[in-house]
Amino acid sequence: MLFQSAPAKCDTRLKGNSKTTSGISQKPLIKLAIAALALTLSLSALVPTSESFAAEHIIQLTAEETQDDGFGNKLLAYKMLSHRVDGLDITSRYSTEATIPGPTIELTEGDKVKISIENAIPGNNIPVPGISKQVSIHVHGVHYDILSDGTLKVINKNFDEGAGAGLEETYVIYEYQWNVALGTAGTWPYHDHNFETHNGAEHKGLFGAIIVNPVGVSSYDKEYVLYLGDDAFWGMEINGVSKIQSNHGVNPTLVATRNSNVRFHLIALGTDIHTFELKGYKWIDPGTTHRINQVAIGPLEKHVFSVIAKNSTRYRDNNLSNKLLGMEGKFLVQ
């Protein structure tokens with residue numbers, strides 16, 4: 001970690017023999033300048049720059065076939081193989097299975113990330129003219145250069161940037177680098193952009209999220225990540241203490257302890273407009289002082305809010321077509 005302090009400047013110029021033109025003697029001014037310099041240096045040492053809390057994340061993901069979608073088609077899912085933060089292994093917080101949604105990766109502004117993808121989908125290394133067998137990781141929100149875009153050459157004009165046989169390149173493993181710079185705080189999706197077409201296989205299950213926290217953010221007892229699809233919620237929860245991720249799947253039951261402080265992360269996928277409601281609860285609309293009890297959210301939009309868990313209820317999409325499709329789940333407070 002690097003702590004930096006901006007050089008303090010003291011440019012008090014004294015003229016005359018023993019007094020300034022205002023009649024104040026030179027000696028007290030020198031003492032004041034020294035005191036100001038000492039205060040500036042002590043304060044600057046306490047205020048770190050964006051690098052001060054930086055951690056290095058080394059992450060390995062794989063993409064695999066998983067359950068049937070009910071129509072004879074295999075869904076695809078990401079699985080966490082390894083996650084180390086400054087050498088500390090935290091892989092145990094993730095499921096040992098490939099999951100939909102994929103792992104939620106928690107980061108802090110100032111972090112650096114090296115994240116690689118391996119393709120475990122059968123036949124992924126056999127080139128097929130005009131069809132990509134690659135899987136990739138395309139992320140939103142954080143900074144990266146063009147070689148870490150996670151797209152095909154037809155889009156990025158450089159390389160097929162995924163694992164497996166692309167339209168032009170084939171890689172066993174492909175690595176990306178992210179710069180979690182100041183100003184990137186928020187909840188952001190990542191997803192495949194290469195499999196079979198340049199739009200990728202997000203619709204088959206290859207999606208997940210990163211949560212970028214500012215330095216010193218408040219802690220929460222539980223975090224809930226909910227993706228709003230065109231006909232269902234996909235989601236999971238994170239224990240705020242152990243960081244264990246659980247309850248993955250469609251319209252998951254989210255569990256909280258009474259009077260605990262919990263945070264919801266909503267990310268809209270697909271093409272629908274949604275109206276999210278947590279029945280019986282109100283929360284502060286981010287960026288305002290207004291309290292709301294539901295929120296409209298459209299494709300690739302996100303909404304993050306926190307509440308104190310008081311009573312069990314249901315979360316749901318109040319848009320009529322999605323409501324008829326059963327887009328709702330339980331929020332169980334014990």
Side-chain angles (χ1 to χ4, degrees), residues 55-67 74-108 111-121 135-142 150 162-163 173-178 180 186-192 201-202 204-213 217 219-227 233-256 262-267 269 302 304 329:
E56 182 183 49
H57 295 252
I58 306 296
I59 300 171
Q60 295 175 289
L61 293 179
T62 186
E64 303 179 4
E65 282 189 345
T66 182
Q67 74 262 30
K74 284 288 187 180
L75 296 176
L76 306 177
Y78 291 114
K79 181 173 76 174
M80 181 64 71
L81 296 180
S82 176
H83 186 175
R84 293 181 175 272
V85 183
D86 288 340
L88 177 66
D89 191 343
I90 62 169
T91 313
S92 61
R93 69 176 54 173
Y94 303 99
S95 172
T96 57
E97 305 295 326
T99 60
I100 303 175
T104 299
I105 300 169
E106 290 194 78
L107 305 168
T108 301
D111 288 353
K112 306 292 185 182
V113 180
K114 293 181 180 179
I115 181 168
S116 62
I117 184 68
E118 182 179 350
N119 192 338
I121 300 169
V135 289
S136 69
I137 304 170
H138 173 78
V139 69
H140 294 219
V142 297
I173 295 174
Y174 195 91
E175 182 179 278
Y176 312 89
Q177 297 190 39
W178 300 343
V180 190
T187 303
W188 309 100
Y190 68 85
H191 56 92
D192 171 62
E202 176 186 292
K204 290 179 177 287
L206 287 178
F207 61 87
I210 62 173
I211 298 173
V212 178
N213 290 311
V217 70
S219 61
Y220 297 89
D221 297 294
K222 283 283 183 73
E223 305 264 13
Y224 308 111
V225 183
L226 290 173
Y227 305 82
F233 290 98
W234 291 82
M236 48 83 70
E237 68 178 46
I238 306 172
N239 185 293
V241 177
S242 68
K243 301 298 184 181
I244 298 296
Q245 302 187 9
S246 61
N247 293 352
H248 299 77
V250 179
N251 301 330
T253 295
L254 306 175
V255 181
V262 300
R263 184 164 64 159
F264 284 78
H265 305 258
L266 311 178
I267 302 175
L269 303 177
K302 55 194 177 66
V304 180

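Just so you know, residue 1 is the first one in the sequence shown, and it goes up from there. Predicted model, so just to flag it, every value in this text is computed and none were measured.
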Do [X] and [Y] come close enough that some side-chain heavy atom pair is under 4.5 Å?
| X | Y | value |
| --- | --- | --- |
| Ile238 | Ile244 | no |
| Val180 | Thr108 | no |
| Glu64 | Tyr78 | no |
| Ile59 | Met80 | yes |
| Leu61 | Ile137 | yes |
| Val250 | Trp234 | yes |
| Tyr220 | Val262 | no |
| Asn213 | Leu107 | no |

Do you know the tightest heavy-atom contact between [X] and [Y]?
| X | Y | value |
| --- | --- | --- |
| Ile100 | Ala77 | CG1-CB, 3.7 Å |
| Gly249 | Pro101 | N-CD, 4.2 Å |
| Ala63 | Val135 | CB-CG2, 3.7 Å |
| Pro103 | Thr99 | N-OG1, 4.3 Å |
| Ser136 | Gly150 | OG-O, 2.8 Å |
| Arg84 | Gly87 | NH1-O, 3.0 Å |

Any donor-acceptor pair under 3.5 Å linking the side chain of [X] with the backbone of [Y]?
| X | Y | result |
| --- | --- | --- |
| Lys112 | His57 | no |
| Asp86 | Glu56 | yes |
| Asp192 | Leu206 | no |
| Tyr94 | His83 | no |
| Asn247 | Pro252 | no |

Taking only residues two or more places apart in sequence, or in another chain, which ones meet [X] in a side-chain contact (heavy atoms from CB on, under 4.5 Å)?
| X | result |
| --- | --- |
| Thr187 | Ile211, His265, Ile267, Val304 |
| Ser246 | Glu237 |
| Glu65 | Lys74, Leu76, Ile121, Pro122 |
| Ile173 | Ser116, Glu118 |

Gap between atom [atom2] of [Y] and atom [atom1] of [X] - 0.5 Å precision:
| X | Y | atom1 | atom2 | answer |
| --- | --- | --- | --- | --- |
| Met236 | His248 | CE | NE2 | 4.0 Å |
| Ser95 | Gln245 | OG | CD | 9.0 Å |
| Leu88 | Ile58 | CG | CD1 | 13.0 Å |
| Thr104 | Glu106 | OG1 | CD | 8.0 Å |

Checklist entry - Who are the salt bridge (Lys or Arg N to Asp or Glu O under 4.0 Å) partners of Arg263, not counting sequence neighbours? => result Glu223
Checklist entry - Quick one: salt bridge (Lys or Arg N to Asp or Glu O under 4.0 Å) partners of Lys204, sequence neighbours excluded? => result none
Next on the checklist: Set out, in order, the CA-CA distance, both residues' side-chain angles and the distance that settles side chain to side chain contact (heavy atoms under 4.5 Å, CB included) for Val139 and Ile210, then state yes or no.
Outcome noted: CA-CA 9 Å; Val139 69; Ile210 62 173; 3.8 Å; yes
Checklist entry - Trp178 vs Tyr190 aromatic rings, parallel, tilted or perpendicular, using cut-offs 30° and 60°? => result tilted
Checklist entry - Once the angle between the rings of His138 and His140 is folded into 0 to 90°, is it parallel (under 30°), tilted (30 to 60°) or perpendicular (over 60°)? => result perpendicular
Next on the checklist: Any carboxylate oxygen within less than 4.0 angstrom of a Lys/Arg side-chain nitrogen, looking at Glu97 and Lys79?
Outcome noted: no
Next on the checklist: Measuring centre to centre across the rings, with the benzene-like ring taken for any Trp, is Phe207 within less than 6.0 Å of Tyr227?
Outcome noted: yes
Checklist entry - Got more than 12 heavy atoms from elsewhere within 6.0 Å of NZ, Lys114? => result no
